[in-house]
Amino acid sequence: QVQLVESGGGLVQAGGSLRLSCAASARTFSRHVMGWFRQTPGKEREIVAAISGNGESSTYYGDSVKGRFIISRDNAKNTVSLQMNSLKPEDTAVYYCAAKNQYTTTIYGTGAYDYWGQGTQVTVSS
């Protein structure tokens, strides 16, 4: 079982930056592919970024955030972070941290995300 708690959301002006963090409680944390998703009312949940586990450093980014967002993890601290730069009003959403089960090693695709945080609101004003 993996429990996830996000923090770092808030209100920021367009062009600004925010850093989201996700703390995980799981001895198996380092094995899990971790991802960040976001959702706005009336829209499907969208994957923002993912990072591999097992000591690898592969990352995936959604097209809308490439070049602006950076995902990273600290396995010693059981945390995964999302550095968001050059924020736009369309980045406004609830952001969720998620973990794939430890047996699914691909960073691609939105399947196998078995564990989810409660979400944190990010609002970007124009």
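Remember, predicted model here, so these are calculated numbers, not experimental data.
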To the nearest 0.5 Å, what is the distance between [atom1] on [X] and [atom2] on [Y]?
X: Glu6; Y: Cys22; atom1: CD; atom2: SG; result: 5.5 Å
X: Asn75; Y: Lys77; atom1: CG; atom2: NZ; result: 12.0 Å
X: Asp74; Y: Thr79; atom1: CG; atom2: OG1; result: 4.5 Å

Closest heavy-atom contact between [X] and [Y]?
X: Ala14; Y: Ser126; result: CB-CA, 4.3 Å
X: Ala26; Y: Asn78; result: O-ND2, 3.0 Å
X: Gly111; Y: Lys100; result: O-CE, 3.2 Å

Using the salt bridge (charged side-chain N to carboxylate O under 4.0 Å, His left out) rule, collect all pairs that involve residues 32-43, keeping only residues at least two apart or in two chains.
Arg38-Glu46, Arg38-Asp91

Could you pull out all residues at least two apart from [X] that satisfy side chain to side chain donor-acceptor pair (under 3.5 Å)?
X: Ser17; value: Asn85
X: Thr105; value: none
X: Asn101; value: Thr104, Asp114

Do Tyr103 and Val33 sit in one hydrophobic cluster, given that two such residues count as connected whenever their side-chain heavy atoms are within less than 4.5 Å of each other, even indirectly?
no

Are any non-hydrogen side-chain atoms of Gln83 and Ser72 less than 4.5 angstrom apart?
no

Can you list, by chain and residue number, the hydrophobic cluster partners of Phe29 when the side-chain cut-off is 4.5 Å?
Val2, Leu4, Val12, Leu18, Leu20, Met34, Trp36, Val48, Ile51, Tyr61, Val65, Phe69, Ile70, Ile71, Val80, Leu82, Met84, Leu87, Tyr95, Tyr115, Val122, Val124

By side chain to side chain contact (heavy atoms under 4.5 Å, CB included), Glu90 pairs with (sequence neighbours left out) Lys88

Might you confirm whether atom CD of Gln118 has over 12 heavy atoms from other residues, nucleotides or ligands at distances under 6.0 Å?
yes

Answer yes or no: are there more than 12 heavy-atom neighbours, outside Gln3 itself, under 6.0 Å from its atom CD?
no

